[in-house]
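Report on the following structure.
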Amino acid sequence: MLKTKIDAPDDLNPQETAEWVEALDDIVDEAGPDRASYLIERIMERAANLGVQVPLRFNTAYINTIPPEDELAYPGDRAIERRIKSLVRWNATAMVVRANKYDANIGGHLSTYASLATLLEVGYNHFFRGSYTGPDGAKLPGDFVYFQGHASPGVYSRAFLEGRLTGEHLKNFRHELREHPGLSSYPHPWLMPDFWQFPTVSMGLGPISAIYQARFMRYLENRGIIPKTGRKVWAFLGDGECDEPESLGAITLGSREKLDNLIFVVNCNLQRLDGPVRGNGSIVQELEAAFLGAGWNVIKCLWGAGWDDLFARDASGLLIKRMHECVDGEFQAFRANDGAYLRKEFFGKYPELLKLVEHMSDDELWALRRGGLDALKVFNAYRRAMISNGKPTVILAKTVKGYGLGESAEGRNTAHQTKKLGDADLIGIRDRFQIPLTDDQVHNLEFIRPAEDSPEMKYLRQRVEAQGGSLPSRIVKKIEIKAPDLELFKDTLGGSRGREASTTSAFVAVLKALMKSDLSKLIVPIVPDEARTFGMESLFRERGIYASQGQRYKPVDSNILLYYKEAQDGQILEEGITEAGSMSSCLAAGTAYANHGVPMIPFFIYYSMFGFQRVGDLIWAFADSRGKGFLLGGTAGRSTLNGEGLQHQDGHSPIHASTVPTCAVYDPAYAYELAVIIQDGIRRMYQEGEDRFYYLTVYNENYAQPPMPEPKGIIDGILKGIYKYQPAANGPAVAQLFGSGSILNEALKAQQILAEKYQVATDVWSVTSYNELRREALATERWNRLHPAEPERKSYIETVLEGSDGPIIASSDYIKAVPDQLAPWIGKRLTSLGADGFGRSESREHLRHFFEISAAAIVQATLSALAREGKFDAGRAAQAVAELGFNADSKDPARL
Ligand SMILES: Cc1ncc(C[n+]2csc(CCOP(=O)(O)OP(=O)(O)O)c2C)c(N)n1
Ligand SMILES: [Mg+2]
């Protein structure tokens with residue numbers, strides 16, 4: 001066994017110390033490490049009882065976690081696997097270099113995959129399952145693999161070898177528009193829906209979504225929606241990527257939820273884009289401490305088999321000591337130089353170490369590999385990770401950035417950005433990996449795939465078959481769902497019958513109706529510690545909060561009907577205060593139709609201010625993933641959420657949401673509008689199979705919810721974004737009032753004031769979605785642009801407004817940019833009122849007055865607009881400013 005030298009200058013009794021250490025050595029030799037660990041634990045307990053400060057350590061030595069004597073022999077044909085890996089390496093390199101040779105600066109990455117190749121190949125050949133066989137013999141989906149986004153050339157290259165992509169694909173890397181078929185830069189299910197499952201290239205999103213994916217898998221199993229299998233979620237991440245808060249921010253969930261279906265592999269090539277990840281420290285040791293502290297299994301895979309002999313012969317413990325002394329900046333330099341440098345700078349520090357390697361040539365020293373580049377070591381690390389012990393596992397695999405790419409890239413600080421290689425480097429790669437290509441073929445950057453009957457291809461096919469198929473692969477089963485009839489929501493459509501209620505409570509009613517419908521099982525309510533805010537707590541008792549361990553305590557409120565019920569088959573995902581985690585759950589749920597073949601319907605309701613602006617990138621990834629479902633921005637509106645002030649009052653999320661191409665954004669005023677939108681959303685997403693999702697604002701202001709009015713076409717209007725809610729009662733309207741969300745009520749009050757006090761007749765319109773109207777108008781405009789010889793088409797907004805005269809005063813609880821989206825079509829008529837500026841801690845009434853979105857403000861704006869058109873006396877309009885409570889020379893709230 002390995003012996004570590006005790007190097008303690010303040011050791012008062014070295015003799016005694018040596019005896020203790022020897023005793024431990026004996027235990028390990030005679031009874032094994034488990035017994036030693038048991039004894040140490042008992043001693044630590046005793047020490048704690050005696051008041052001894054026990055040093056807390058979350059680090060082990062800088063060596064492999066799995067000692068050579070515990071390793072299993074490699075199960076595959078290593079020589080042939082190496083040849084296959086070399087071909088994948090070559091093709092990955094050729095495709096990037098080629099793309100940049102013929103299309104300067106098109107980009108792509110060589111070095112990430114160069115460091116990752118062994119980690120992936122061992123996975124493909126022996127671990128990643130393309131499919132599983134279910135209890136009844138049915139073919140079930142396989143493992144989930146989150147690939148490092150920048151390693152995509154290697155993933156494409158492997159798929160090429162497997163015959164799933166053609167040489168044309170590889171030639172068209174990053175030529176998605178010019179040629180067909182093209183390959184996207186990174187993993188994007190939106191762009192390559194049959195291939196990529198998980199968009200990972202925004203650093204940090206892969207790791208956090210993998211954790212929640214593993215958790216959601218358990219949720220589906222525990223709810224009996226999918227069978228239990230040995231499926232794993234593998235997440236490959238960069239060591240630099242671990243600096244993103246999302247990467248490590250949710251790791252305690254992994255251990256808390258006992259996710260032994262989750263395996264992280266951190267590609268510790270010690271470098272990120274600009275340089276070393278921890279030049280002055282050790283990223284491996286730092287990550288080990290973080291993951292051990294969080295309760296994960298940590299497997300360090302640092303050194304290749306060549307080092308085993310050195311460790312075994314190093315009786316002094318100096319080799320480990322030397323490894324601890326070196327910071328990552330030095331380890332990087334060792335690889336960027338050569339064997340002579342390694343001998344001098346690493347081993348040369350201690351004469352004993354120089355002696356240890358005196359029998360080795362510089363080339364042999366140089367050939368000493370790192371663990372993540374040694375298939376045997378990687379195999380054993382993965383094998384250990386497959387053993388379920390109720391914990392997730394992280395493998396810290398030490399690799400070399402740009403491995404094998406030659407002097408211009410390997411271990412260099414510029415490695416990440418290297419995308420062009422000269423012939424000399426390419427020939428070097430060919431020779432090093434023994435690629436059977438001539439110099440000319442190398443120069444021409446030819447791709448290589450051996451003949452079908454070659455040993456390599458036979459082996460490859462056999463391994464793919466044994467693993468149940470290829471990865472990545474996104475296979476979407478047709479969804480067989482019929483949306484519920486609108487009738488299901490008849491209570492909501494009927495209005496609140498004189499009671500005052502909010503659209504949030506209307507949403508909860510819609511959700512409850514769905515949870516009692518045929519779709520019940522598929523509904524996934526997700527909430528980050530705000531269920532009580534939204535009045536959803538009754539669902540706790542009715543449906544249970546998902547808790548993998550059930551409820552191991554008697555809830556404090558067990559004496560009341562609506563107690564806090566946690567259950568193993570609970571339906572609600574109560575995520576705690578993590579919008580990023582909740583969104584990751586939503587991502588897992590909203591893509592389950594593809595990844596699990598079960599069309600789960602997520603309803604993620606959150607404090608709207610902490611949605612798009614806080615986790616916008618995860619929402620973008622949701623769209624890229626073709627996610628379906630509903631996001632609900634609760635406590636919506638800058639003035640409607642009163643009292644909470646600047647950081648809580650959301651006045652802009654519909655603008656954020658409108659930037660996501662597949663997101664339909666609605667800002668409904670009334671309960672029936674919400675019901676109509678949700679019903680149609682389920683129809684479009686799940687019945688018609690459209691890859692889109694919804695962002696709906698829901699408010700907490702209570703007011704009488706009217707029943708759905710009868711006029712024909714109202715449903716169409718709600719869905720398209722606008723309908724006339726209340727025509728003028730006092731003659732033909734001379735102005736049009738648009739209102740959205742809770743501010744529609746202010747428009748209605750304004751209509752009355754205008755009629756009664758100023759004898760001005762106005763129509764009131766409910767605008768449910770400026771964004772849907774804009775998108776339709778843009779599409780119409782484009783059609784007109786491209787068909788100049790055809791009769792011009794009219795956009796929906798223009799058609800709807802035909803015959804409705806006068807200025808348009810559009811008000812909402814959001815910034816003016818929301819109605820301004822229609823400016824290209826109605827701009828001359830449009831006055832936008834909105835809550836631009838920072839929120840304040842105040843009551844609704846004061847906030848609406850301050851932001852000039854109150855009924856009085858709408859009246860004032862209407863009179864002003866009419867006066868400008870000469871349809872209302874300007875003097876009277878000026879007088880009305882003060883009359884309505886405004887100071888014409890007050891400061892603009894947008895800038896206060
Ligand atoms: C959120 C985010 N920020 C920045 C980038 C740009 N970027 C791409 S790769 C990279 C470095 C990656 O380093 P590491 O995670 O160590 O991966 P390696 O390539 O070394 O395996 C950076 C900064 C990104 N893709 N995503
Ligand atoms: Mg790195």
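In listed order, ligands and their atoms are each counted from 1. Positions are given from 1 along the sequence. All heavy atoms count here, side chains included; hydrogens, waters and symmetry mates do not. This one's a predicted model, so the numbers in the text were calculated from it and none came from an experiment.
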Without swapping roles, check the side chain of Arg370 against the backbone of Thr399 for a donor-acceptor pair under 3.5 Å. yes
Counting heavy atoms not belonging to Arg692, are there more than 12 under 6.0 Å from its CZ? yes
Counting only heavy atoms not in Glu325, do more than 12 fall under 6.0 Å of its CD? yes
Sort by chain and number the protein N/O/S atoms that are closer than 2.8 Å to the Mg ion (ligand 2), and list them. Asp239 OD1, Asn269 OD1, Gln271 O
So, taking the atom named CD1 in Ile299 and the one named CG in Asn380, what distance separates them when rounded to the nearest 0.5 Å? 9.5 Å
Can you list the ligand 1 atoms lying under 4.0 Å from a non-hydrogen atom of Thr112? 18 (P), 19 (O), 21 (O)
Between Glu241, His416, Gln148, which one has a non-hydrogen atom sitting closest to atom 17 (O) of ligand 1? Gln148
Option of least heavy-atom distance to atom 16 (O) of ligand 1 (set: Val277, Asp274, Asp239, Val266): Asp239
Side-chain donor-acceptor pair under 3.5 Å between Glu162 and Ser470, yes or no? yes
Can a side-chain donor-acceptor contact be found between Tyr113 and Arg158 if the only test is distance below 3.5 angstrom? no
among protein heavy atoms, the one nearest atom 25 (N) of ligand 1 is Val201 O, 3.0 Å
Ligand 1 and Gln271, any nitrogen or oxygen pair closer than 3.5 angstrom? yes
In terms of atom number and element, which parts of ligand 1 are under 4.0 angstrom from non-hydrogen atoms of Glu244? 1 (C), 2 (C), 3 (N)
Protein contact of atom 22 (C) of ligand 1 - nearest heavy atom, named by residue and atom, plus distance: Leu273 CD1, 3.9 Å
For Asp431, is the CG atom crowded, meaning more than 12 foreign heavy atoms sit under 6.0 Å from it? yes
Look up atom 6 (C) of ligand 1 and tell me if a protein heavy atom lies less than 4.0 Å from it? no
For ligand 1, which atoms have a heavy atom of Gly240 less than 4.0 angstrom away? 14 (P), 15 (O), 16 (O)
Take atom NZ in Lys101; do more than 12 heavy atoms of anything else shown fall under 6.0 Å from it? yes
At less than 4.0 angstrom from any non-hydrogen atom of Lys401, what atoms of ligand 1 do you find? 18 (P), 19 (O), 20 (O)
